[in-house]
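Here's the structure we're looking at; comments come further down.
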Amino acid sequence: MLEFINVNPNSGDPIYKQLHEQVVRLIVGGQLSAGDELPSVRKIADHFAVNPMTVSRAIGQLVDQGWLERRRGQATRVAQKTAQQTDQQETLLFKAIDQLIQQAKQLDVPQPALTELIKKRWEL
């Protein structure tokens, strides 16, 4: 799991938010399945060289939102998917799509040309 997460301390987003968003993406994208165990907070914090409280905050939010489940004495696991989580797949892409469309409009790239560019990049 840790190999799929990239934390950028120079990003404008707080590290806990980066961790949160990337774990959600891994769950929605199917890289993490219901029942999969997450590494311990300490292991994640050591891996990214961040404060364990930062990791704990991200994990806590994911538990509160139903993405993960915690049981005393056991590892944190990915929770069973809910209907709300299934809808998240498109929602997670909206921000990136909106930015791409805005940039294409600024560069005066018509929609068919943008679609063709996306197809080319997809096939790489």
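Just so it is clear, the model here is predicted, and its values are computed rather than measured.
- Scanning both residues, Val78 and Leu68, for their nearest heavy atoms gives CA-CD2, 3.9 Å.
- Taking every heavy atom of both residues into account, Gly66 and Ala79 meet most closely at O-CB, 3.3 Å.
- Partners of Pro112 according to the side-chain contact (heavy atoms from CB on, under 4.5 Å) rule, which considers only residues two or more places apart in sequence or in another chain, are Pro110.
- Ile118 pairs by the side-chain contact (heavy atoms from CB on, under 4.5 Å) definition with Leu100, Leu114, not counting sequence neighbours.
- Annotation: salt bridge (Lys or Arg N to Asp or Glu O under 4.0 Å) contacts involving residues 106-123, sequence neighbours excluded, are absent.
- At least one side-chain heavy atom of Tyr16 sits less than 4.5 Å from a side-chain heavy atom of Gln61.
- Using a distance-only test at 3.5 Å, with no hydrogens or angles considered, a donor-acceptor pair links the side chain of Gln22 to the main chain of Asn6.
- In this structure, Ile59 and Arg70 have side chains that are in contact, with non-hydrogen atoms separated by less than 4.5 Å.
- Residues satisfying the side chain to side chain donor-acceptor pair (under 3.5 Å) criterion with Arg77, sequence neighbours excluded, are Glu37.
- Two different hydrophobic clusters hold Leu117 and Ile97 under the rule that ILVMFWY side chains link at heavy-atom gaps under 4.5 Å.
- With hydrogens and angles disregarded, no donor-acceptor distance shorter than 3.5 Å links the side chain of Asp46 to the backbone of Lys43.
- Linking ILVMFWY residues whenever their side-chain heavy atoms come closer than 4.5 Å, directly or via other members, places Phe4 and Leu38 in the same cluster.
- By the 6.0 Å contact criterion, CD on Gln111 is open, its count of non-hydrogen atoms from other residues, nucleotides or ligands being 12 or less.
- For the pair Gln65 and His20, the minimum side-chain heavy-atom distance is below 4.5 Å.
- Rounding to the nearest 0.5 Å places OG of Ser56 at 11.5 Å from CG of Leu19.
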Output, in order, the C-alpha distance, side-chain angles, deciding distance and verdict of side chain to side chain contact (heavy atoms under 4.5 Å, CB included) for Thr54 and Phe48.
CA-CA 11 Å; Thr54 299; Phe48 294 114; over 6 Å; no

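- Residues satisfying the side-chain contact (heavy atoms from CB on, under 4.5 Å) criterion with Asn8, sequence neighbours excluded, are Asn10, Ser11, Gln18.
- For the side-chain contact (heavy atoms from CB on, under 4.5 Å) test, residues two or more places apart in sequence or in another chain that qualify with Ala34 are Gln80.
- Residue Ile101 is not grouped with residue Val109 when hydrophobic side chains (ILVMFWY) are merged at heavy-atom distances under 4.5 angstrom, including chains of intermediate members.
- Distance check, rounded to the nearest 0.5 Å: CD of Gln31 to CG of Asp36 gives 11.0 Å.
- Counting heavy atoms from C-beta outward, Leu26 and Ile5 have side chains that approach closer than 4.5 Å.
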Go through the steps for Trp67 and Val23 under the test side chain to side chain contact (heavy atoms under 4.5 Å, CB included), then give the verdict.
CA-CA 9 Å; Trp67 294 103; Val23 170; 5.9 Å; no

